[in-house]
Amino acid sequence: MAEDCLFCGIVAGTVPADIVYADDAAVAFRDINPQAPVHVLVVPREHVVDLRELGGRPDLAGPYVAAIGKVADNLDAPDFRTVFNTGAPVGQSVFHIHAHLLAGRPMGWPPG
Ligand code: 5GP
Ligand code: ZN
């Protein structure tokens, strides 16, 4: 657990969140500012900063990616988009890796 990390606080239960899924590897909760009818953030329990750091942790990566699929299944969202922002200039604002899992409305590509 990292000091002053919002998502470590949610994992630890010290920061309230609308948790929709949890297992040994990951926790998922609804985004406070949803961009789609389903907008959930999936985070590993362990503090990992971003996708690059996750690449160095294959022990975590497999269970974490598996959890993302399970979250979608549990939310009855067979079709979904995942976004990982990596770096502040492209929009990362919380430096504990999180998959944005978005579903429930049509989405174009490329994203607007
Ligand atoms: P990022 O910009 O780092 O890719 O995504 C961070 C996300 O966390 C944003 O979509 C933002 O709405 C969400 N967020 C920020 N603070 C909180 C919070 O306290 N609770 C929840 N559930 N989501 C948050
Ligand atoms: Zn953290």
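Just so it is clear, the model here is predicted, and its values are computed rather than measured. In listed order, ligands and their atoms are each counted from 1. Basis for what follows: all heavy atoms, side chains included, without hydrogens, waters or symmetry-related copies.
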Please identify which of these residues, L75, D73, N74, meets the side chain to side chain contact (heavy atoms under 4.5 Å, CB included) condition with V71.
L75
Looking at side-chain heavy atoms only, is the closest gap between R57 and Y64 below 4.5 Å?
no
pair H39-R30: side-chain heavy atoms closer than 4.5 Å:
no
List in chain and number order the residues that pass ring-ring contact (aromatic ring centres under 6.0 Å, His included) with H96, two or more places apart in sequence or in another chain; answer none if no residue qualifies.
H47
Quick check: are there more than 12 heavy atoms from other residues, nucleotides or ligands sitting under 6.0 Å from CG of D59?
yes
Can you find a pair of side-chain heavy atoms, one from I68 and one from T82, that are under 4.5 Å apart?
yes
Under 3.5 Å, which donor-acceptor pairs link side chains of residues 2-22 to any protein atom two or more places apart or in another chain?
| residue | atom | partner | partner atom | Å |
| --- | --- | --- | --- | --- |
| T14 | OG1 | G9 | O | 3.2 |
| Y21 | OH | D23 | OD2 | 2.6 |

Strictly under 4.0 angstrom, heavy-atom based: which residues surround ligand 1?
L6, F7, F29, R30, D31, I32, N33, L41, N85, G91, Q92, S93, V94, H98, H100
Are any side-chain N or O atoms of E46 and backbone N or O atoms of V48, one a donor and one an acceptor, separated by less than 3.5 Å?
no
Distance below 2.8 Å from the Zn ion (ligand 2): how many protein N/O/S atoms qualify?
4
Okay, side chain of Q35, backbone of N33: is any donor-acceptor separation there less than 3.5 Å?
yes
